[in-house]
Amino acid sequence: MKYNQYAYVDTDYDKQVKELRDINFLPQNFKDWSFSDLLAKLVKMTIAEAKSDEAKTAKLAEFAVSDTQTLAEFIAEKPEKIGTNQFYNVALQLLGYHVHYDYQLDDPTGFMQKQALPVVKDIDSIEKLVSAFYRLLNTRAKNGQLLIDVMAGKGYFTQFWGQNEFKYFNGKSLPVFNTDKVIREVVYVETDLDTDKDGKSDLIQVTVFRPAESNNNLKVPALYTASPYFGGIIANEKRNHNVDENLSDATEWDDPKYEASPEVKAQKPGTENRPATEEAVHKSSYPLNEYLLARGFASVFAGGIGTRGSDGLRITGAPEETESAKEVIEWLHGDRIAYTDRSKKHETKASWCNGNIGMTGRSYLGTLQIAVATTGVKGLKTVVSEAAISSWYDYYREHGLVIAPEACQGEDLDLLAETCQSNLWDAGSYLKIKPKYNEMQKHLLSHEDRTTGQYSDFWEARNYRHHTDGIKCSWISVHGLNDWNVKPKNVYKVWQKVKNLPIKHHLFLHQGPHYNMNNLVSIDFTDLMNLWFVHELLDIENNAYDQWPTVMIQDNLHADKWHKEDDWSNEIGQEVTYYPTNDGDLQKDGNGKDKQSFTDVGGKEFKEAKISEEDWQYKFICGDEKWAKPSLRFTTDEFIHPLTIVGRPEVKVRVSGSLPKGQISVALVELGNRKRLTATPKFLMRGGQELGYRFGTDTLQEFVPDKLTHAKLITKGHMNLQNYEDMMKPSKIEAGEFVDLDFKLQPTYYRLPIGAKLALIIYSTDQGMTKRPLEDETYTVDLANTEIKFYQK
C-alpha cells in the first residue's frame, strides 16, 4: 500500500536549515561538526522518547545499518558518509517499521519504493545529511503520520510550551502549544431569531477549546464546527415513518410554503469583556479539530437553535438554522454580542481570535458549512465541507419521489429535527419548549409532504445552491463516491456552481460511503488541511494554493491510486450512448423494438424474506432469480479495454404503468467476479496516531481488496412517472399511458477493468430507498425509445 504524500512542499536548502534550527533539531554550529557526530546527533534528536543524551546514545545500539552492523558500531567507525541502504535501514526503523516483518535489511529502498516513501541518495556530505533528515522528518511513518508528528506524540515539542508563538515546518503548524492547559469554556451568543416565539432573542450555547497561550496576547484562528449533534441526540429507533404504503396521486400536491420565524434584534456588542464563567462539559467530536488544536487553532462547537444549552426549535435545513450558525462566526469576528452565562448580564468577547475562521465537519456539520458560506459572512475564510447536503430535497426526495437516505428508510426532516432537539433533555427547557416543539413537528410533517414527494417552496428554502453567488471564502468539498446517505448529487451540483466562482476551490472524492478521510493510508489529508488552514487562517505563504490538483479522486480498483483532474463533470469525458435490445443486450448501435414488461410487487416479498436492505441490494444487482424477477436487465459484452465512467449518466425510458401512478428506478451495475475494495476502510492501527502529546488518538485505515464479489452498484436514480412533463410539477396520467421519462442518475467516477460488463437494470421498488407499495403494478417499457447516455474516459 502506497503512503502517498501530496502535502510535502519543496524547500530549498537554506530554508531547510533555518526550519531545523528553529525547532532545535539541528545544532546552530552544525557546519563545524564531523559527519559521524552530526549523524549520531540527528538520529538521537529523532528518538524523542529518550529524554537524556545518555538514554539516546544507548538507543543507537537498537538500530541496524545492515545485517552485520548496528548503528552504534557504524558511528564508532567515524564514517564520513553513509550509504543509501544503510541510511534507510535506520530511517525505516525510525518510521516504525520492523526488520524481517515489514522489510529486509538487504533492500530497504525497494520497500520504500513500494510504499511510495521518498529517498535521498548518496549521502556523502553534511549538506546531503541535513537534507536527508529534513525529508525524513517530512516522511509518513508506518502509522500514517509524518515522522515529526510521531516525535510530537512522544513529547518533542513540549520544550516550546509557553513561548506564545506559532512554529512552522514545511509550511505546516507544529504542536508547540501546551495541551495540558487547554482552555475549555462556554459562552452564549445572542441571535436575531425567536424560533420559539417567546418574544426574546434565542441564545446559542457555544463551546470553545483554545490554547492557554491565547490568554497571553497570542491571537489564534478558530476552526468552527456547527454540529446539531454536539449536545447529544434523542434516539427513537421506532419512530420512522411507514414506507410500506401505496403511492399517491401526486397531483394532490399543493406546494406547501416556507414560513419564517419571528426576528428579535440582538444587542450590539459593547466594550465590556468578561471572561467566560462556565466550563465546557462536552468534548470535541472531530479528530481533525483536536489535531489542529494542539497546533494553535481554537476549536469551536455550537449546536445551534434547539440544541442542548440553547433556546429555540430545530427546523431542519431552514434559513433559521443557517442564521444561527452564521451568528457564531459574527461573534468570533467581533460583530455580535455574547454573554458569560444565560443571565445576559456580562458580555464576553472572542478577543483571543485573530478574526479568521474556518469551518470543518461531516454530514449535517458539512451541510451547515455550505449554508453559512452562501451568506458571505465576514471572517469566514474557508470551509472544508465533508459529505454535505447542498439541497435538502436531494437528501430526502428525488424527481418527485420520497427517497430515503441509505439505511434510514422512513426518516425525514421532522424526525431529524426530533433527533437534534436536545434541549428537551433539560427539564426546565422541556417545560418551556415541549408544546412549541410539538407544534413545529406537526408543521414539518405536513409541509415536508411525504404523500406526493414533490418539490415545493418549502424545499426551495432549503436549497443552498441557489445562493452560491454569496460565497466569498475558499472552498474544499470532500465526498464519498459510494455515499448513498448524502448522495453524490449533492456535492456534484454545488461543485458545478462553486468552480465558476472567483474563489480557490478543491474537491476530494474517496471510495467510501458516508465517511471521513482524514486518516487514510493512501493520502495525507490531515497534512494537506494543516497546510491549507495555515495559509487561509494564519496568512502564511506556503504554496498551499498550488500544492495539489483541483480535483483528486480515489481509484475504485486500487485504493492507493488517486486520479488528478481539473474538474469533475461530464465534460472531462466523451459521450457514449447504449441501447437495450430485444434479447437483453446493451449495445452502442440499434434499439430493441419490443415492448417488455415486469410486475412490481412492492415490498411484500422483501418483508416476508426478512433480509436487510443491504443484502437485498447485493442479491438484486447480482441477478438473483427471486429478486431480479421484477426488473428488466440489459448487459454489454465484456470490455476488452478499461474505461472510466465520469459525471452523470442520463437515461431515457418510455414506460407505462398498469395504474395511473408509478415509480421507475434505474441502476447501472458492473458485473464480473473479482475482489473489490471493502465498503468501509479497514482499521490498520487502531489508536495508533497521536493527535498531540498525550492528547487523543486517531486510527489509520484504508479500503483494501476483500472477498470475491459478483457485482458492484455504480450508480442509480429514481423518478415519479407523474413528473414526466415537469420535474417541478406533477401531471395526471392514465393507466396504460406511455410517458417519456428523461432523468439523470447519481454522478460517479468509476473505472471498469478489462473483462467487466455493464448492466442496465430497470425496475420500480428500491427496497432501501423508495416507498414499498402494497399493490402490484405492471410496467411496460418501450425499448425503441429507451437508452442510457454517459461520459467515459
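Counting from 1, the numbers follow the sequence of the chain as shown.
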Are the aromatic ring centres of [X] and [Y] under 6.0 angstrom apart?
X	Y	answer
Tyr545	His535	yes
Phe25	Tyr134	no
His514	Trp484	no
Phe157	Tyr693	no
Trp532	Trp548	yes
Tyr492	Trp568	yes

Distance-only, no hydrogens or angles: does the [X] side chain make a donor-acceptor pair with backbone N or O of [Y] under 3.5 Å?
X	Y	value
Asn178	Glu213	no
Thr382	Leu537	no
Asp202	Thr191	no
Ser474	Lys504	no
Asn482	Gln511	yes
Ser422	Thr307	no
Arg140	Gln5	no
Lys499	Val494	no
Asp560	Lys2	yes
Glu330	Arg336	no

Can you tell me how far the [atom1] atom of [X] sits from the [atom2] atom of [Y], to the nearest 0.5 Å?
X	Y	atom1	atom2	value
Met1	Leu684	CE	CG	7.5 Å
Asp555	Leu481	CG	CG	10.5 Å
Lys497	His467	NZ	NE2	10.0 Å
Thr367	Asn490	OG1	CG	7.5 Å
Glu19	Ile148	CD	CD1	8.5 Å

Shortest non-hydrogen separation from [X] to [Y] and the atoms involved:
X	Y	value
Arg314	Gly303	NH1-O, 3.3 Å
Asn463	Ser390	OD1-O, 3.7 Å
Ala212	Ile183	CA-CD1, 3.8 Å
Tyr8	Lys172	CA-NZ, 4.4 Å

Ring geometry between Tyr393 and Trp459 (parallel below 30°, tilted from 30 to 60°, perpendicular above 60°):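 Ring orientation of Trp459 relative to Tyr393: perpendicular.
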
Parallel, tilted or perpendicular, as decided by the 30° and 60° cut-offs, for the rings of Tyr749 and His563: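 His563 and Tyr749: tilted rings.
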
Any donor-acceptor pair under 3.5 Å linking the side-chain atoms of [Y] with those of [X]?
X	Y	value
Glu320	Ser261	yes
Glu571	Ser569	yes
Glu702	Ser522	yes
Thr360	Thr225	yes
Gln421	Asn423	yes
Glu347	Tyr339	no
Asp180	Trp161	no

Glu327 and Ile305: CA distance, side-chain angles, deciding distance, side-chain contact (heavy atoms from CB on, under 4.5 Å) verdict: CA-CA 11 Å; Glu327 289 170 339; Ile305 47 175; over 6 Å; no

side-chain contact (heavy atoms from CB on, under 4.5 Å) between Tyr396 and Leu413, intermediate numbers included: CA-CA 8 Å; Tyr396 285 122; Leu413 274 174; 4.0 Å; yes

Does a side-chain heavy-atom distance below 4.5 Å link [X] with [Y]?
X	Y	value
Phe166	Val176	no
Asp483	Val491	no
Phe703	Leu520	yes
Thr139	Arg135	yes
Val646	Asn570	no

Note: Lys15-Asp10 ion pair, threshold 4.0 Å (strictly below):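 Result for this pair is no, no salt bridge flagged.
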
Stacked cation flag Arg295 on Tyr291, 6.0 angstrom / 45 deg: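 Ring-cation test returns yes.
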
